[in-house]
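Reminder, nothing fancy here: chain letters follow the sequence lines and each chain counts from 1.
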There are 2 protein chains.
Amino acid sequence: MQLSNTSKYTIRILAYMVNHKDRSLISAKELSENLDIPYKFLTKIMTELVKVGFIESIRGREGGYKFLRKASEITVGDILELFNDAIKNEECILGIDSCDPKQKCALHDKWIKSKVQLQKMFRESTIESIAGEGNKI
Amino acid sequence: MQLSNTSKYTIRILAYMVNHKDRSLISAKELSENLDIPYKFLTKIMTELVKVGFIESIRGREGGYKFLRKASEITVGDILELFNDAIKNEECILGIDSCDPKQKCALHDKWIKSKVQLQKMFRESTIESIAGEGNKI
DNA sequence: ATTTAATACTACCTTGGAGTAGTAATTAAA
DNA sequence: TTTAATTACTACTCCAAGGTAGTATTAAAT
Ligand code: SF4
Ligand code: SF4
């Protein structure tokens, strides 16, 4: 019951970028060093984030990354969905085919409240809203 | 953000056993067939459950498994802990060393409420309490 | 006693997430 | 124009979870 490293890294990367949005571009090197994420793994993630349009990249010397979509319009839920980490509505927590409230699994009644709250929390947590003062990175 | 197969299987196995607690012993074959869990994988899990004392096994012909600890005293939380699937208190959701509310991570304030509720839900869900009528298995 | 049906043990295979290595392509600075 | 600093691409390695195969052990039924 935890997020994938890729999702964790991505949330921290984008939060870092928001916290430094005064600067026009941020490099993979800076992100890797400041967030303590393996450089090569980070660049792989960045390329993916470019592909899906969360950020854009400027190649070559003095290059780097900046937001393409606004940070207030990217949610933690979007990130989890991207890396297949989201809590899907139709997915049974016990893995018994797909969720059908007419035919509930053993945990359904206990789980459903937490599930809804989690989904709402992830959906409402924009990158803008979580990036804040004095948080650890 | 989901449970391991091993945890899912175990919850279903123990719930099934509660639902058939009239019978003195239940075999791996029956569990495997009725719950659609690979036989060899299931026996591996059962042996582990015997080792930690949730159930006991009777070997030989007409053998099988039955509860050792009472089903009302085994919780879903116990199972998740056993398979390292639990939400640990000291574990940061973003993976930034260990949780220190004095030095919060970006998601802390949004996450903490769900976290507490999930932990409580898992802790309060005994096998006895989730096994019920007409649930899918 | 032998057979049969059950659990236990040991060793392996497979898959996907995580991480690494090397090189190509790009572009500004020197 | 060369060099340096950057992102992009391709191809691997590593590890743990999930799953499989074969055999040993146990004990009731026959
Ligand atoms: S039954 Fe409850 S838990 Fe199982 S899938 Fe439907 S919602 Fe999720
Ligand atoms: S800060 Fe919040 S989220 Fe990060 S660890 Fe502490 S509790 Fe968990």
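Checked against D/dA28, D/dA5, D/dG18, the side chain of B/Arg61 finds its nearest nucleotide in D/dA28. Side-chain proximity of A/Ser4 to D/dT20, C/dA18, C/dA28: nearest is C/dA18.
Checked by atom type, the side-chain pair A/Glu30/A/Tyr16 shows a donor-acceptor distance below 3.5 Å. Side-chain contact check for A/Gln2 and B/Lys88: no donor-acceptor pair (N or O, by modelled atom type) lies under 3.5 Å. For the residue pair B/Ser4 / B/Ser7, a side-chain donor-acceptor distance below 3.5 Å is found, with atom types taken as modelled.
Remark: C1' of C/dT7 and CD of B/Glu48 are 15 Å apart, rounded to the nearest angstrom. Rounded to an integer number of Å, the gap from A/Leu68 CG to D/dT7 C1' is 16 Å. Going from atom CZ of B/Phe41 over to atom P of C/dT14 covers 17 Å, rounded to whole Å. Taking atom CG of residue A/Leu3 and atom C1' of nucleotide C/dG17, one finds them 14 Å apart after rounding to whole Å. Put simply, CD on B/Glu30 is 14 Å from C1' on C/dA5, counting in whole angstrom units. Following rounding to the nearest Å, B/Ile45 (CD1) and D/dT20 (C1') show an atom-to-atom distance of 14 Å. In this structure, CD1 of B/Ile26 is placed 15 Å from C1' of C/dA6, rounded to the nearest angstrom. We find that CG of B/Asp85 is positioned 11 Å from C1' of D/dA17, with the value rounded to whole Å.
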Where do B/Ile37 and B/Ile13 land on the side-chain contact (heavy atoms from CB on, under 4.5 Å) test, with the steps shown first? CA-CA 9 Å; B/Ile37 299 172; B/Ile13 289 164; 4.0 Å; yes
Is there a side chain to side chain donor-acceptor pair (under 3.5 Å) between B/Glu90 and B/Ser98? Walk through the geometry before answering. CA-CA 5 Å; B/Glu90 71 279 8; B/Ser98 63; over 6 Å; no
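Close to C/dT7, at under 4.0 Å from its OP1 or OP2, lies a side-chain N or O of B/Tyr39. In this structure, B/Asn5 reaches the D/dG19 phosphate: one of its side-chain N or O atoms is under 4.0 Å from OP1 or OP2. Considering only side-chain N and O atoms, A/Thr6 lies under 4.0 angstrom from the phosphate OP1 or OP2 of C/dA18.
Contact check on A/Lys136 versus B/Asp100 returns no salt bridge, with no Lys/Arg side-chain nitrogen under 4.0 Å from an Asp/Glu carboxylate oxygen. A salt bridge does not link B/Glu48 with B/Lys44: none of the charged nitrogens is closer than 4.0 Å to a carboxylate oxygen.
Nearer to the 5' terminus of DNA chain D, by closest-nucleotide assignment, is the contact made by A/Ile58 (compared with the other of B/Glu62 and A/Ile58).
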What are the atom names and distances for every N/O pair under 3.5 Å that joins the protein to nucleotides 8-11 of chain C?
{"unit_1": "C/dA8", "atom_1": "OP1", "unit_2": "B/Ser57", "atom_2": "OG", "d": "2.7"}
{"unit_1": "C/dA8", "atom_1": "OP2", "unit_2": "B/Thr47", "atom_2": "OG1", "d": "3.3"}
{"unit_1": "C/dA8", "atom_1": "OP2", "unit_2": "B/Tyr65", "atom_2": "OH", "d": "3.3"}

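Within 4.0 Å of B/Tyr9, counting heavy atoms only, lie sugar-phosphate atoms of the nucleic acid but no base atom.
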